[in-house]
Amino acid sequence: MFEFKKSAQDPNSYARTGVLSTPHGQVRTPAFMPVGTAGSVKGITPDQLGATDTDIMLCNTYHLALRPTADVVAEFGGLHSFIGWNGPILTDSGGFQVFSLAELNHIDDDGVAFKSHIDGSLITLTPEHSIEIQNKLGADIIMAFDQCPPLPGTPEDIKAAVERTIRWAKRSKTAHNRTDQALFGIVQGGLDVNLRRHCIDAIAEIGFPGYALGGLSVGETHEEMVTCLNQVTHHMPEDKPRYLMGVGMPRDLVAGIRSGIDMFDCVLPTRNGRNAYAFTPTRSLKLRNAGHALSHAPIDETCDCYTCRNFTLGYIRHLFMAKEMLGPTLASIHNIRFFQKMMARIRDLIAQGNLERIYEEYPVTKTTAK
RNA sequence: GGGAGUGUACCCAAGUGGCCAAAGGGGACGGGCUGUAAACCCGUUGGCGUUCGCCUUCGAUGGUUCGAAUCCAUCCGCUCCCA
C-alpha cells in the first residue's frame, strides 16, 4: 500500500528521482508539498491546487486538533473527504509548533502543553496524542512527534532535543495503529553533523517507511544549512524517502535535492504569494511595486499557470493595492505552479543525468554554499 | 442681513505660548517572510547636508512676545443655524 521506488540517480550528486505510492495516489519525487495548515491551501481551491501539478499537500495536526478537532474531521470520513482533496496528504505532527509557539508552551519528557493560540485553553500534545489525532485525521503519511529546537541553540539543548525526539519516535511508532498510513521518523540535531548522524542511526533502528530532517531553516543561514545537508542527508536510509521539513527557497530545494532529499514542504509559495511576492526562474517580483503599474506583461513570460496565461502585472498589482482577495489567490496559484514546474524540470534533468543545468534555467537556484 | 464655528503636511485628524518639522490614522513608497498565531510584519513619507544641524512650513498679511501652529487685528475661504 505504501511503497517508495527509486528510478534515476544523478551522476554528479546524491540527487535521485522516484515514485512514492500511497492509498490516494502516487507522488513523483523529488516532490514539493504545498502547506494547507488548517485543511486548506490558503486562498486556492483543491481544483486550482491540482492544476498546479501538485501531487501531495500537507495539513497540520496542531491546528486541526484545536479546530475543528480530529473527531469532527473523522466524523466527515477523514481529511480527504472533509477538505475535498483526493490526492495524497501528509500531516505534520505538531512538532514544529513546539518551536513556533515556544512562548505558549511548556515542554517536558511526556510531551508539550500548549496554551491554545485561539482561546487560551490548555492542549497537551504527547507522542501518543499526536499519533491518535493523526490516525483520526487519516492522512496518507503521518509524522512522529518531535521536538524542534531553534537555531542557534546550545549544544546541550540540541542534544536534549535529539534524545527526546528519539524517545518520542519510539512512542510514536508504538502508538500508531493504522496500516494504511505511513509513519515517518524525524531526525533532529541542529547543525551538528555527528549528532545528526547519531540521530539518523537511532531513528533508523526504530524503523520507519520514510525519514525526515527537522530542525532546519529555523534560524541558521542558507550556507550553514546546505553544509549540514551535504554531510548528513546521504547517511539517511537510501531506499526510503527523505523529507526535508519546512524548506524552502528555490535554491534550498535544489541544494537539498543534490544532497539526496526527496520531499519538501514550505509555506513560502502561499504565504509570499498572499504577501504580494512572486517567484520566477530569474528573479523575484514584489507585486505591489509602483514599477509594475503599467506592465502588460504576465508575472513570468515562461509560466503556463492560470494567472500568467490570463492576467497582467498591472492588473495583479491593482488587486493587491485595492486589497482584493483575488490578488493573493492569483499570486499563490502562480507561485505553487512555479515550484511544481521547477520540480518537474528537476526530475527530468536528474533522469537525463544533467541536474547541473538547473542553474542555467533557473538562475534563482544558484547557491552560495559549497 | 444676524449668529456660531472652522482652515494643520498627499487626505482625514490631534496639538491652543517653548519639550513642534508638528501625535494618530489613511494613502503612497520601500523592505521582510522557509514542517503558517502571517491576505501579515517592519521602515520611510517638507527641503538640504551622512551625528546633529541649518532652512522653509500649520489659510493670508500684519502685530504682541526672549519665543507663535497656538495670543491679537484685519482680510480671504468653507460649514452650520436664524432671518
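We name chains A, B, ... by the order of the sequence lines, and we start the count at 1 in each one.
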In a table with atom names and distances, give each donor-acceptor pair under 3.5 Å that connects a side chain of residues 39-46 of chain A to protein atoms at least two apart or in another chain.
from	atom 1	to	atom 2	distance (Å)
T45(A)	OG1	Q48(A)	N	3.1
T45(A)	OG1	Q48(A)	OE1	3.3

Mind checking the [atom1] distance from [N] to [M]? Whole angstroms is fine.
N      : M      : atom1 : value
G15(B) : C19(B) : C1'   : 13 Å
A69(B) : G63(B) : P     : 16 Å
C52(B) : C66(B) : P     : 31 Å

Applying side chain to side chain contact (heavy atoms under 4.5 Å, CB included), name anything that partners R251(A), two or more places apart in sequence or on another chain. H222(A), M249(A), T368(A)
Interface residues of residues 266-300 of chain A with RNA chain B (non-hydrogen, below 4.0 angstrom): C266(A), V267(A), L268(A), T270(A), R271(A), N272(A), R274(A), N275(A), Y277(A), K286(A), R288(A), N289(A), A290(A)
By a strict heavy-atom criterion of less than 4.0 Å, which residues belonging to residues 16-46 of chain A are in contact with RNA chain B? V35(A), T37(A), K42(A)
Would you be so kind as to tabulate the donor-acceptor pairs closer than 3.5 Å made by side chains of residues 136-143 of chain A, with sequence neighbours excluded?
from	atom 1	to	atom 2	distance (Å)
K136(A)	NZ	D71(A)	OD1	2.9
K136(A)	NZ	E132(A)	OE2	3.3
D140(A)	OD1	H24(A)	ND1	3.4
D140(A)	OD1	H80(A)	NE2	2.7
D140(A)	OD1	I89(A)	N	2.8
D140(A)	OD2	H24(A)	N	3.3
D140(A)	OD2	H24(A)	ND1	2.7

If [N] has a Watson-Crick or G-U wobble mate with both distances under 3.5 Å, name it; if not, just say none.
N      : answer
G17(B) : none
A4(B)  : U79(B)
A37(B) : none
G43(B) : C29(B)
A73(B) : U61(B)
A9(B)  : none

Across the strands shown, which category fits [X] at heavy-atom distances under 4.0 angstrom: base, sugar-phosphate, nothing?
X       : result
I118(A) : nothing
L101(A) : base
L104(A) : base
D92(A)  : base
M225(A) : nothing
Q188(A) : base

By the ring pair (Phe, Tyr, Trp, His ring centres under 6.0 Å) test, which pairs, at least two apart or in different chains, include something from [range]?
range                       : value
residues 130-167 of chain A : F145(A)-W168(A)
residues 103-125 of chain A : Y62(A)-F114(A), Y62(A)-H117(A), H63(A)-H117(A)
residues 29-52 of chain A   : F32(A)-F339(A)

Would you grab the first and last nucleotide of RNA chain B (5' to 3') that comes under 4.0 Å of any non-hydrogen atom in chain A? G27(B) to C40(B)
What I want to find out is whether [X] reaches [Y] closely enough, with some N-O distance under 4.0 Å, to be called a salt bridge.
X       : Y       : result
D109(A) : R171(A) : no
R164(A) : D157(A) : no
E163(A) : K159(A) : yes

Which pairs with one or both residues in residues 313-329 of chain A pass side chain to side chain donor-acceptor pair (under 3.5 Å), sequence neighbours excluded? none
Give me each pair satisfying salt bridge (Lys or Arg N to Asp or Glu O under 4.0 Å) with a member in residues 338-347 of chain A, each pair once, sequence neighbours excluded. R345(A)-E361(A)
Which atom pairs, one a donor and one an acceptor, fall under 3.5 Å between side chains of residues 199-212 of chain A and the rest of the protein, sequence neighbours left out?
from	atom 1	to	atom 2	distance (Å)
Y211(A)	OH	F208(A)	N	2.9
Y211(A)	OH	F208(A)	O	3.2

